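Predicted model only: the values in this text are computed from it and were never measured. Residue numbers run from 1 in the order of the sequence given. The figures here come from the full heavy-atom set of this structure, side chains too, leaving out hydrogens, waters and symmetry mates.
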Amino acid sequence: MKYITLILLTFSFGYGFEYYLKPQKIEEGIYCFFGKTENISKQNAGNMVNTCFVQTKEGFVVIDSGPTYAYASQAYTQMQKIAQLPVKYVIITHDHDDHWQGNSFYKSKGALLIGPRTYEQNVVAGMKTRMLRVLGKELYGKTKIVKLDTIVDSNLSITVGSQIFQIRQLTPIAHTKGDLIIYLPAKKILFAGDLVFNDRLTSLRDGSILGSLKALKKIDAYHAKVIIGGHGYKTDANATETLKSYLIKMKKEILDAQDHDIGMDEITRKVILPEFRKMKLYNVLHKRNVLDAYKELEMMEDEE
Ligand SMILES: [Zn+2]
């Protein structure tokens with residue numbers, strides 16, 4: 001009963017959902033909040049995404065602002081417990097809405113927002129986002145859509161408190177048509193956004209299997225000692241491995257099937273990739289990924 005009263009109080013004062021965010025220290029001055037490896041739901045209020053922050057002498061740089069205004073405001077509270085510093089920049093890795101809906105909170109704190117061209121193209125004020133549809137108005141709370149201050153088409157480097165942040169678009173299309181990675185050369189840490197998934201399957205719905213493989217190769221070429229993906233918990237130098245092997249096997253099996261004239265209607269029964277069956281969201285995303293990859297690879301064959 002006490003618990004229920006507490007929940008009601010939390011909502012009635014307009015603080016929104018309580019996310020219980022706890023920053024995980026990656027190394028000195030680098031922290032992330034790791035979301036659950038599941039789909040967006042009312043139960044998790046969008047806390048199924050990873051967001052990070054880097055502490056510099058001048059202030060924080062946030063990488064992805066998360067699913068709601070309330071999430072960002074609670075993340076900020078946690079940051080201020082580590083150091084009472086302003087948030088100077090928020091860098092958005094791509095335009096999928098689990099990654100940027102905390103923007104309006106950070107904007108209200110004076111941060112500058114940096115992100116890809118696709119955000120400007122696809123994110124429109126007042127649009128009914130997937131997050132709003134799933135969470136409903138109450139959990140979505142004060143979340144508002146705001147414009148970016150700086151758009152990155154291919155690359156931009158910023159220095160904050162003597163820390164260099166290299167922001168790069170590695171390929172024209174991979175997870176989306178505008179994925180940015182953020183690399184900290186001094187620390188050899190790479191924030192990969194949704195170019196890297198662990199502990200759950202990716203979705204190819206807005207991307208490309210070939211582009212994703214190209215981007216993963218480029219990420220590996222950095223030889224970063226820490227790679228942090230947009231979803232999942234593995235953050236070591238080999239964090240690209242799971243997704244790479246999923247995509248390489250899928251590509252090979254689809255191309256083999258196409259050589260044997262197996263059509264779209266049969267392909268999802270052929271390309272099962274049983275070793276990935278136990279991964280989270282396999283049942284939700286795998287068939288769709290196979291179909292998307294099939295169409296793309298078929299087109300590539302036609303062009304040759
Ligand atoms: Zn995502």
Pairs touching residues 147-168 that satisfy ring pair (Phe, Tyr, Trp, His ring centres under 6.0 Å), sequence neighbours left out
none
Tyr140: which residues meet the ring pair (Phe, Tyr, Trp, His ring centres under 6.0 Å) condition with it, sequence neighbours left out?
none
Salt bridge (Lys or Arg N to Asp or Glu O under 4.0 Å) involving Lys107 - partner list, sequence neighbours excluded
Asp149
Listed partners of Tyr106 passing ring pair (Phe, Tyr, Trp, His ring centres under 6.0 Å), at least two apart
none
Would you mind writing out the side-chain donor-acceptor pairs for residues 84-93 within the sub-3.5 Å range, not counting sequence neighbours?
from, atom 1, to, atom 2, distance (Å)
Thr93, OG1, Asp64, OD1, 3.2
Thr93, OG1, Asp64, OD2, 2.8

Those residues at least two apart in sequence (or on a different chain) that pass salt bridge (Lys or Arg N to Asp or Glu O under 4.0 Å) with Arg168 are none
Asp199 and Thr37: side-chain donor and acceptor closer than 3.5 Å?
no
Extract all donor-acceptor atom pairs below 3.5 Å that involve side chains of residues 179-190 and protein atoms in other chains or at least two apart in sequence.
from, atom 1, to, atom 2, distance (Å)
Asp179, OD1, Thr176, N, 3.2
Asp179, OD1, Thr176, OG1, 2.9
Asp179, OD2, His175, N, 3.0
Asp179, OD2, Thr176, N, 3.0
Lys187, NZ, Glu27, OE2, 3.4
Lys187, NZ, Glu28, O, 3.4

Tabulate below the donor-acceptor pairs under 3.5 Å that side-chain atoms of residues 261-276 make, not counting sequence neighbours, or state none.
from, atom 1, to, atom 2, distance (Å)
Arg269, NH2, Asp265, O, 3.0
Glu275, OE2, Lys249, NZ, 3.2

Can you tell me if Asp206 and His94 form a side-chain donor-acceptor pair at under 3.5 Å?
no
What I want to check is whether the side chains of Tyr246 and Asn289 have a donor and an acceptor closer together than 3.5 Å.
yes
Could I get the full list of side chain to side chain contact (heavy atoms under 4.5 Å, CB included) partners for Asn39, not counting sequence neighbours?
Leu281, Val284
Please name all residues satisfying side chain to side chain contact (heavy atoms under 4.5 Å, CB included) with Arg205, sequence neighbours left out, ordered by chain then number.
His96, Arg130, Ser203, Arg288, Asp292
Side chain to side chain donor-acceptor pair (under 3.5 Å) partners of Asp236, counting only residues at least two apart:
Lys234
Residue list, salt bridge (Lys or Arg N to Asp or Glu O under 4.0 Å) with Lys109, at least two apart or on another chain
none
